[in-house]
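See below for the structure under consideration.
Throughout, a chain's letter reflects where its sequence line sits, starting with A, and its residues are numbered from 1. Please read all numbers here as calculations on a predicted model, not as lab measurements.
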Amino acid sequence: MSTSALSKQYEPTEVEARWIRFWIENGFFHADENSPRVPYSITLPPPNVTGSLHIGHALGSTMQDILIRWHRMRGDNAMWMPGIDHASIAVHVLLEKDLKRSENKTRFELGRDEFMRRAWKWKERSGNRISEQEKLMGFSLDWPRERFTMDERSNRAVREAFVRLYEEGLIFRAKRMINWDPASETVVSDLEVDTVDENGSLWSIRYPIVGGGPDDAIVVATTRPETMLGDTAVAVHAKDERYLALHGKQIELPLTGRTIPIVPIDIIRDGKAWPDPAFGTGAVKVTPAHDPNDYAVSQIANLPVLEVIDRQGKLMAPAPAKYVGMTVEQARKAVVADLEAGGFLVETKPYKVPRGRSQRSGAVIEPMLMEQWWVKAKPLADKAIAAVEQGKTKFVPEHYTKTFMHWMTHIEDWCISRQLWWGHQIPAYYCADGHVTVAREQPAACKQCGKPDLRQDDDILDTWFSSGLWPFSTLGWPDKTHDLRTFYPNSVLVTAPDIIFFWVARMMMMGIHFMGKVPFKSVYLTSTVVDESGAKMSKTKGNVIDPLDVVNGATLDTLLARVDQEKPPDPDEIKKRIKKQSPEGMPAMGADALRFALAALNTGSSRIRLSPDRIKEYRNFINKLWNASRFALMNFDGYDPARFEAQIHGPNGRTGLGVAERWILSRLQHACTAVNTALEAFRFADAAQAIWHFVWNELCDWYIELAKPHLHQSEELTEDPARAARRHVVQGVLATALETTMRLLHPFAPFVTEEIWQKLPKGQPLPESLMVTVFPEADPEWIDPAAEAEIGVLQDITSACRMLKQTYKLPPAQSVEVELAVRSDATRVSIEKFKDLVERMAKVKATFASGQENTMTPGAAKTVVNAEVEVRMPLGGLVDAAAETKRIAKDIEKNQKDIDAIEKKLGNADFVDRAPPDVIAEQRARLADHQAIHARLAEALATLGAAP
RNA sequence: GGGCGAAUAGCUCAGCGGAAGAGCGUCGCCCUUACAAGGCGGUGGUCGCAGGUUCGAACCCUGCUUCGCCUACCA
């Protein structure tokens, strides 16, 4: 391909599509389970089948791909398992809403078989979407291994796990207090309930005492008056003196005609006495069937349980007929009105009510008493706790260990049955007599009574049950497969902290239980991506950044149209912000730009503030890299990689290099070290920054500029064999530096690096893709402190010259004479070697002046570079003596401040006595250096007086 | 209510015991044949507040303030 075809700006769209196809077709993402190489495995947290790739996925998956690609290039047998989760309740909410809208039917009216048929159809349609999006991001997932949590193999694993846990007594059926979602008509786990404070009321109600006078009553306070229809007692604290006389008395429960007892209770809940005599009147109504706390009390005090709310969240008998069929809200109003009419209502005051809402459906959760399937959590949790304590699994950032441990030590039994259809049906079978047989396959007869015609339990399992098995069910469990032997445990799990309990904890418990080993050695918890003002991204707020928009671009119209689709509360405000933020829409910045941005911004703090402008910064970096490569490719004519490599690896390889070449190769080693050590510690931002700094501030800003004079073709050059040889060496170093950079950057920005790498001239035969080359490691042989020191001085002198030129507003293109006043001959010899480079970089003509005394004619601007070197720019009458004095005086002042601080330190006897010797020596050296600079500055200031 | 985390340049964040840093922004100058998605130079900070430990504190300890994120059945 002709290099002239390279465009001035990098165009990601075409390039990315080409390479993703190439990688997949060549099977580079696929790992061999029989490979003898060291395994490195990650299981992708399977995204919900309902979802599409959002920025949180992009973040987590990019970090995983960086790790996977890095390890693959390091020679490990890297396997990244893709998959999709069936997301039981999320699918229900979505499909049922759709059903309601299009056919005005509930799922019950549609029937289970038809509902499932539609769910599968829908899964087939949308299940591929997210995989396609993952491919666009360049994620090197092992596609032939892709799995679905409801596929046949996963089904088998789920049944196997259920049966084993049941046989071990770790799964059981029991009637307990559960969270009922009346909208989806299913139980949900504690974790699926969001408790929010909502505006409500606190009602005080008089319960008249049986056999008492008209004024004999006990007053209770409640936020849920409708539940009084199911009250079976009033509780008072046993030691509450106000009520001692009432212990054992009965009250007439208004509206119901029932009488219930006043019971003394004395228990401690959450470290506090219950009932709390200080709260309200100190008397509490007890509704065991519809309040978890009251249920617990009823068990202790042996109170009857009266269920008055049904599965639809409506009142039912034995509530009085008047209220039967009302929703909870309707009943609340009716009960309050009736209490008031009957003279039972004492007070109504506004109150913040903590109200549980279903995370998925948004419905108010009704605590109910029901028979459900449970996992006995404690024995499983104890083993997980022990494993973490023994360091078998480590959390990064480390403080999440506490979060995990806290939850695990307070864990409650896990309700796993759901009254939904989309999911794994529970492998429990009932005979006509109601005996349970739990089995892997449909049994022919009841285990207990031998009766045939068993009916399978209607319920399905919590989605997270199959997710808990995922790290090994994807590898073929319960079979003893090569996959399992090679890739279990996973090397690391990368996921969001909000599913530590939902998922991480359950995988830990299940993995240890069934596999005898933790499922992963590390857990890396990702940050939350928020918008530029720190707000969570949400569709209703209209502040989401869609990764696909970043990759492919989106017109302003598309972005605005999407706002209307979401029907947020304030669409105009959102549109205004979008117009302001992206007046031209979102440019196509490519997957590399997004990936590199996410890595660079991922400093490990709990939030990442992301905006299109931030991503642009990294798009610019990719473009910078592209152009540096473009420049190099325009100058590789006549370059012979084999010849260069033979030379560089020969006995005198290094002597043929100039100081700039030695310097850039040395800096490259540092960059390699920085990237590798950063990635070892999951410090993605440090790794990205190290590459950015090397590419932009060292390779582009200095090396390429220093190399230019040697690369530019000229007649003179072709005729001079020495200069031609030199050009060849410079070409070789530039090619080497770029080639290494591509390998170093590849895990972060796979597309642009592959595109450039394929075009670079390379020596020995290499693999057909960059992604299967070897990741760079620093070679200490090429670390060159002398070259680094020399180029450091070159940079300082260049900057000093540029600064003086700009201060005196000299046109950058105009060459200006400068004098370099140098202290020692040794320094002079060293600078002479690169004087011509300084002249070119700063556009100056440099001569040496004797440093010992000021031999230069007055009327020069001056600046002190270091203790050894001073730059003087003779400007005659142009020099502004006053400004010059001011500038130098400022330098002196700053320098003096440091001197004072160091002298104070060294003058402190305690410091000299107690500080370590190397620290003292360091301070003494600093002081000497500063004093030398001070002398030069003072000298410069003194000579200014001589200016005209 | 309990737990965890964070407060450093205008913004976003590194630094976590011995010289206050980066990127972006801002202000100048430059279309210098890789890149204006660029180059060069400058400006900018009592490191949230108050104590303590130490020869020495942005960094360790204590308290306070303000913001995040989890978590919780206070009638």
Side-chain angles (χ1 to χ4, degrees), chain A residues 6 8-10 177 190 195 202 220-224 235 269-272 274-276 279-287 291-296 351 354 356 367 397 399-400 402-403 406-407 410 497-498 500-501 528 530 532 534 536 587 589 593 600-601 603-611 613-614 616-635 685-686 689 692-693 697 700-701 704-705 708 712 798-799 802-807 809-813 842-843 898 901-902 905 908-916 918-920 922-923 926 930:
Chain A
L6 277 165
K8 245 175 139 171
Q9 285 188 2
Y10 174 59
M177 187 57 71
D190 294 347
T195 310
L202 186 68
V220 296
T222 181
T223 57
R224 297 200 54 190
R269 294 191 69 79
D270 290 336
K272 277 183 292 190
W274 193 95
D276 180 4
F279 186 91
T281 58
V284 189
K285 63 190 274 308
V286 182
T287 319
D291 182 283
N293 186 57
D294 292 2
Y295 179 69
Y351 198 75
H399 69 254
Y400 282 112
K402 282 187 205 160
T403 310
H406 184 83
W407 159 260
H410 296 272
D498 56 345
I500 289 180
F501 311 138
T528 309
V530 296
E532 67 273 26
K536 258 190 175 165
M589 295 192 273
L601 298 173
T603 58
S605 80
S606 61
R607 298 187 309 168
I608 294 177
R609 290 181 198 239
L610 193 69
S611 69
D613 281 344
R614 303 297 297 275
K616 268 179 208 157
E617 293 168 23
Y618 299 94
R619 185 267 316 253
N620 294 354
F621 171 75
I622 300 292
N623 191 54
K624 183 79 180 175
L625 180 76
W626 175 255
N627 274 295
S629 308
R630 183 166 155 260
F631 167 80
L633 289 166
M634 290 189 296
N635 287 284
D686 287 356
Q689 210 216 343
W692 171 300
H693 183 257
N697 304 114
C700 293
D701 288 350
I704 287 182
E705 294 306 322
K708 275 179 182 174
H712 284 153
T798 304
S799 294
R802 286 168 175 166
M803 190 272 284
L804 286 176
K805 279 180 78 174
Q806 292 215 16
T807 302
K809 302 205 188 322
L810 301 167
K843 271 259 157 71
D898 285 343
I902 305 164
K905 207 176 235 190
N908 181 346
D910 285 333
F911 173 74
V912 181
D913 284 352
R914 303 195 187 188
D918 57 316
V919 172
I920 297 169
E922 194 191 340
Q923 295 302 320
R926 273 186 66 210
H930 277 75

Q. OP1, OP2 of B:rG42 versus side-chain N and O of A:T807: anything below 4.0 Å?
A. no
With sequence neighbours left out, the residues meeting salt bridge (charged side-chain N to carboxylate O under 4.0 Å, His left out) with A:R802 are none
Sugar-phosphate, base or nothing in reach of A:D613, heavy atoms under 4.0 Å: nothing
Pairing string of RNA chain B (Watson-Crick or G-U wobble, both atom distances under 3.5 Å; | = paired to other strand) is ((((((((.[[[[.)..(..]]]].(((((.......))))).....[[[[[..)....]]]]])))))))....
Contact string for nucleotides 3-15 of chain B, one letter per nucleotide 5' to 3', B = base within protein heavy-atom range under 4.0 Å, S = sugar-phosphate only, - = neither, reads -SS------SSSS
Taken in chain and number order and not counting sequence neighbours, the residues that satisfy side chain to side chain contact (heavy atoms under 4.5 Å, CB included) with A:E705 are A:K708, A:R840, A:M841
| query | When the P atoms of B:rG18 and B:rG28 are considered, how many whole Å apart are they? | reply | 39 Å
In 5'-to-3' order, the base (B), backbone-only (S) or no-contact (-) status of each nucleotide in nucleotides 32-39 of chain B, using a 4.0 angstrom heavy-atom cut-off, is --BBSBSS
Those residues at least two apart in sequence (or on a different chain) that pass side chain to side chain contact (heavy atoms under 4.5 Å, CB included) with A:H406 are A:H410
- Item | Gap in Å between the two C1' atoms, one belonging to B:rU12 and one to B:rG25, rounded | 11 Å
Task: Interatomic distance at C1', B:rU65 relative to B:rG48, whole Å - done: 8 Å
Sorted by chain and number, sequence neighbours left out, side chain to side chain contact (heavy atoms under 4.5 Å, CB included) with A:M177 holds for A:P292, A:Y295, A:P367, A:L369
With rounding to the closest Å, how many angstrom separate the C1' atoms on B:rC31 and B:rC13? 33 Å
Review point. Looking at A:K536, does any N or O in its side chain come under 4.0 Å of the phosphate oxygens OP1/OP2 on B:rC70?
Key: yes
Sorted by chain and number, sequence neighbours left out, salt bridge (charged side-chain N to carboxylate O under 4.0 Å, His left out) with A:D613 holds for A:K616
Check your understanding: With a non-hydrogen cut-off below 4.0 angstrom, is A:Y618 in contact with a base, only sugar-phosphate, or nothing?
Key -> nothing
#### Entry: Pairwise C1' distance, B:rA14 and B:rA6 [rounded to whole Å]
14 Å
What's A:W626 touching, base or sugar-phosphate or nothing? Going by heavy atoms closer than 4.0 Å.
nothing
Mind checking A:P811 for me? I need base, sugar-phosphate or nothing, with any heavy atom below 4.0 Å counting as a touch.
nothing
* Asked: Contact class for A:T528 vs. all strands (heavy atom < 4.0 Å): base, sugar-phosphate, or nothing?
  -> nothing
Review point. Taking the same atom, P, in B:rG39 and in B:rU32, what whole-Å distance lies between them?
Key: 14 Å
Side chain to side chain contact (heavy atoms under 4.5 Å, CB included) filter on A:P354, not counting sequence neighbours, yields A:T195, A:D197
Taken in chain and number order and not counting sequence neighbours, the residues that satisfy ring-ring contact (aromatic ring centres under 6.0 Å, His included) with A:Y10 are A:W626
Margin query: Mind checking if A:P275 touches a base, just sugar-phosphate, or nothing, with heavy atoms under 4.0 Å?
Written below: base
**Message:** Considering every strand and a 4.0 Å limit on heavy-atom distances, what is the contact class for A:E922: base, sugar-phosphate, or nothing?
**Reply:** nothing
By ring-ring contact (aromatic ring centres under 6.0 Å, His included), A:W274 pairs with (sequence neighbours left out) none
Sorted by chain and number, sequence neighbours left out, ring-ring contact (aromatic ring centres under 6.0 Å, His included) with A:F501 holds for A:W407
If the P atom of B:rA20 is compared with that of B:rU26, how far apart are they to the nearest Å?
29 Å
